[in-house]
Amino acid sequence: LARHILLLAIFFDEDLGPRECTEIFLEVYGNTMLRKQTSAYVHTKVEDLVSFLTNGTGVLAGLIDVASLKFKERDAIEKVFKTWLEDVDCDMPAWREKRMRTYFEDRYDYRKNLIDWDYSMSVKDWAEIIHSKLFLWWRQDGTAFEIRDAKLPQPNRSLASYAEGKEKGCSKLKRGFWGDIVQSPYWSLGVHADEPRLFKKRSMQHQKTCQHVAEFNIYGMLHEIATGERFKMPDSDDEIYGRSFWSGLSHADTSEKIEEIAEEESQSDRLDTLGSVGGRKKKEPPAGFKIHLLQLEDISQLYNKKKYANLFDLMLVSNQSTHSLKPELSSLLRPRAAIVCEGADFMLNLSKDDRAAFNTRLVELGAEVGCTHDEEKKKEYKLFNDKQMPYYFLTFDRAAANPIMEAAAARRAEREKALEAEGKKAPTDASLEQTLSDSKTDDRPTEEQVKASVSEEAPEEDGTVMLTGKDRKSVV
């Protein structure tokens, strides 16, 4: 929750011009390391965020409602804010390397080849706008968005958090980096935009990258929320307003890095307007729009609370939370509602068969809630290359829900009975962890095949021989 609040505070910061706001937002959102001025900015925001949380003051007071948070939960969020101060130790490179070593295990020294395999066999087919070099650099060092070749010497403390673990047999909270090291931040902002020119090709190569798409999306949202007008890319083939935020592919290839943005350039950013008649306007959320923060271990904590009964018109369920699709969930929905679930279509941790099994199970669990899968709605949402987005639209109508739930329960009982007769264990939910634990397939080459190819080809350090290892153990 603390990080969500920070990103909203950056987005609605009136002291930031749209260019500067776009840069800082994407940098904090996707990079494990920050520029000095960005780290200093986050440091100065801590006091404002604490004041908002405790006194209800600041730009976020009219946007975010924290009344549903208990005082101890607010205190916990405040403590997280204070860990973002620059005098707090944060060894992000070491933490991320430890995560990488744990993930790759004995294949760590061949991680570059494994990353190339993930890209060539999956990512390239799904969204080629994600350039291979950008994907490789992010997977290796955590830099997703490059700001004009600037140095990134400071850790992104907002990505540091605590996770439960054990040390010498005792439970303990361990501080470290527990974020994504597999998928990349590009999927949320960098693979889709309502501007076809961002996806133009020349000589079979994209002229832009996912970084430009993400830049356009954030800048466009800032523009629309401040002016009420849809942002249109200039007719020229230059970047937004004639200047590129990122070189796109210069990372780690330049001998010199820019230490700081020139003062006059920064000032130019701050004076930039949002292109509306009358100049720049105030960034304000739509009237009547409010975000209510809740901190739950499980959504079942809401089932017996009257104020949440029959409340929600729409629910968004990530693929990490699909285990929440249970019959009791219908008690939170209005008589006519919808649930949008994220499938496993673009999950690199899963094989093709596992993804299909996960998505099938997702629809089955939706039926147990009393929902029907709207396949025609799913076909409406596509990427630039006509690949369907991993969204599953479940429609709920309380008047027709009982027969759907009864039929789904009967099918579930039949499956469990058949599996029991075969001596197999029935799946408990559609979580990614469950899918991984049940997985018996792997699309990657076997270790024997890799060893044979290594001995035959004797690749150099930058070769593209792919290695596989032992069974996958966790989702990152």
Using modelled atom types and a 3.5 Å cut-off, is there a donor and acceptor pairing between side-chain atoms of Arg157 and backbone atoms of Cys90? no
Cation-pi, Phe71 ring and Arg74 (6.0 angstrom, 45 degrees): yes
Any ion pair linking Arg197 and Glu195 (charged N to carboxylate O, less than 4.0 Å)? yes
Tyr381/Phe393 aromatic ring centres below 6.0 Å: yes
I'd like to check Gln388 versus Leu383 (side-chain heavy atoms, cut-off strictly below 4.5 Å). Are they in contact? no
May I ask you to check whether Thr57 and Asn55 show a side-chain donor-acceptor distance below 3.5 Å? no
Quick one: do Lys283 and Asp13 make a salt bridge, cutoff under 4.0 Å? no
Name the orientation class of the two ring planes belonging to Phe199 and Phe384 (parallel below 30°, tilted from 30 to 60°, perpendicular beyond 60°). parallel
I'd like to know if the side chain of Arg99 and the backbone of Phe177 have a donor-acceptor N/O pair within less than 3.5 Å. yes
Is atom CG of Asn304 surrounded by more than 12 heavy atoms (other residues, nucleotides or ligands) closer than 6.0 Å? no
Rounded at 0.5 Å granularity, tell me how far NZ in Lys174 sits from CD in Glu164. 14.5 Å
Other residues, nucleotides, ligands: >12 heavy atoms within 6.0 Å of Gln301 CD: yes
State, yes or no, whether a side-chain contact exists between Tyr29 and Leu189 at a heavy-atom distance under 4.5 Å. yes
Side chain to side chain contact (heavy atoms under 4.5 Å, CB included) with Glu78: which residues, sequence neighbours excluded? Val50, Leu53, Thr54, Asp75, Lys82
Kindly state whether the ring of Phe145 and the ring of Tyr186 have centres lying under 6.0 angstrom apart. yes
Where is the tightest heavy-atom contact between Tyr308 and Ser68, given as atom of each residue plus distance? OH-OG, 3.8 Å
I'd like to know whether Lys208 forms a salt bridge (charged side-chain N to carboxylate O under 4.0 Å, His left out) with Glu215, so could you lay out the CA-CA distance, the side-chain angles of the two residues, the decisive distance to 0.1 Å, and finally the verdict. CA-CA 11 Å; Lys208 308 294 183 185; Glu215 167 196 336; over 6 Å; no
Quick check: does any side chain N or O of Tyr41 sit under 3.5 Å from a backbone N or O of Ile10, one acting as donor and the other as acceptor? no
Should we count NZ of Lys201 as having more than 12 external heavy atoms under 6.0 Å? yes
What residues, two or more places apart in sequence or in another chain, satisfy side chain to side chain donor-acceptor pair (under 3.5 Å) together with Ser161? none
Short side-chain to backbone donor-acceptor contact, Ser120 and Asp116, under 3.5 Å: yes
Between the OG atom in Ser321 and the CD1 atom in Ile299, the distance rounded to the nearest 0.5 Å is 8.5 Å
Taken to the nearest 0.5 Å, the spacing of Ile77 CD1 from Leu1 CG works out to 5.0 Å
Determine whether the aromatic ring centres of residues Tyr103 and Tyr108 are separated by less than 6.0 angstrom. no
May I ask you to test the Tyr162-Val80 pair for a side-chain heavy-atom distance under 4.5 Å? no
Check this for me, if you would: do Arg35 and Glu27 make a salt bridge, where the nitrogen-to-carboxylate-oxygen distance has to be below 4.0 angstrom? yes
OG on Ser122 to NZ on Lys352, rounded to 0.5 Å: 10.5 Å
Step by step, would you call Leu394 with Cys341 a side-chain contact (heavy atoms from CB on, under 4.5 Å)? CA-CA 8 Å; Leu394 308 178; Cys341 299; 3.8 Å; yes
Do the non-hydrogen side-chain atoms of Val66 and Ile64 ever get within less than 4.5 Å of each other? yes
side-chain contact (heavy atoms from CB on, under 4.5 Å), that's the test. Do Thr143 and Trp137 meet it? Break it down for me. CA-CA 6 Å; Thr143 301; Trp137 291 330; 5.7 Å; no
Asn31 side-chain N/O to Leu34 backbone N/O, donor-acceptor pair under 3.5 Å: no
Quick one: salt bridge (charged side-chain N to carboxylate O under 4.0 Å, His left out) pairs with a partner in residues 84-98, sequence neighbours left out? Glu97-Arg101
One pair to check against side-chain contact (heavy atoms from CB on, under 4.5 Å): Leu136 and His131. What are the steps and the verdict? CA-CA 9 Å; Leu136 174 64; His131 197 282; over 6 Å; no
List the atom of Lys382, the atom of Asp386, and the distance in Å for their closest heavy-atom pair. CD-O, 3.8 Å
Using every non-hydrogen atom in the two residues, find where Asp354 and Leu350 come nearest and quote the distance to one decimal. CB-CB, 3.9 Å
Cation-pi between Lys378 and Tyr392: NZ/CZ under 6.0 Å from ring centre and within 45° of the ring axis? yes
Donor-acceptor check, side chain of Asn156 to backbone of Val28, threshold 3.5 angstrom: yes or no? yes
Would the distance check show the side chain of Ser39 and the main-chain N or O of Lys36 forming a donor-acceptor pair, the cut-off being under 3.5 Å? no
Arg361 bridged to Glu364 by N-O distance under 4.0 Å: yes
Restricting to non-hydrogen atoms, name the atom on Pro390 and the atom on Asp345 that form the minimum distance, rounded to 0.1 Å. CB-OD1, 3.4 Å
With heavy-atom distances below 4.5 Å as the criterion, would you say the side chains of Phe104 and Ile115 are in contact? yes
Correct closest heavy-atom pair for Leu222 and Phe11 would be CD2-O, 3.5 Å
Non-hydrogen side-chain atoms of Thr38 and Gln154 separated by less than 4.5 Å: no
Here the gap from Leu314 atom CG to Ile339 atom CD1, rounded to the nearest 0.5 Å, amounts to 9.0 Å
Would you indicate whether the side-chain heavy atoms of Pro285 and Phe12 approach each other to under 4.5 Å? yes
Between the side chains of Ser351 and Asp353, is a donor N or O closer than 3.5 angstrom to an acceptor N or O? no
Does Asn319 offer a backbone N or O that forms a donor-acceptor pair with the side chain of Glu342 under 3.5 Å? yes
Leu63 side chain near Lys290 side chain, heavy-atom distance below 4.5 Å: no
Just do the side-chain contact (heavy atoms from CB on, under 4.5 Å) check on Lys305 and Leu311 with the steps written out, would you? CA-CA 11 Å; Lys305 296 185 178 180; Leu311 178 64; over 6 Å; no
Report the distance from atom CG of Leu26 to atom OH of Tyr219, rounding to the nearest 0.5 Å. 13.5 Å
For Leu7 against Phe25, the heavy-atom pair lying closest together: O-CE1, 3.5 Å
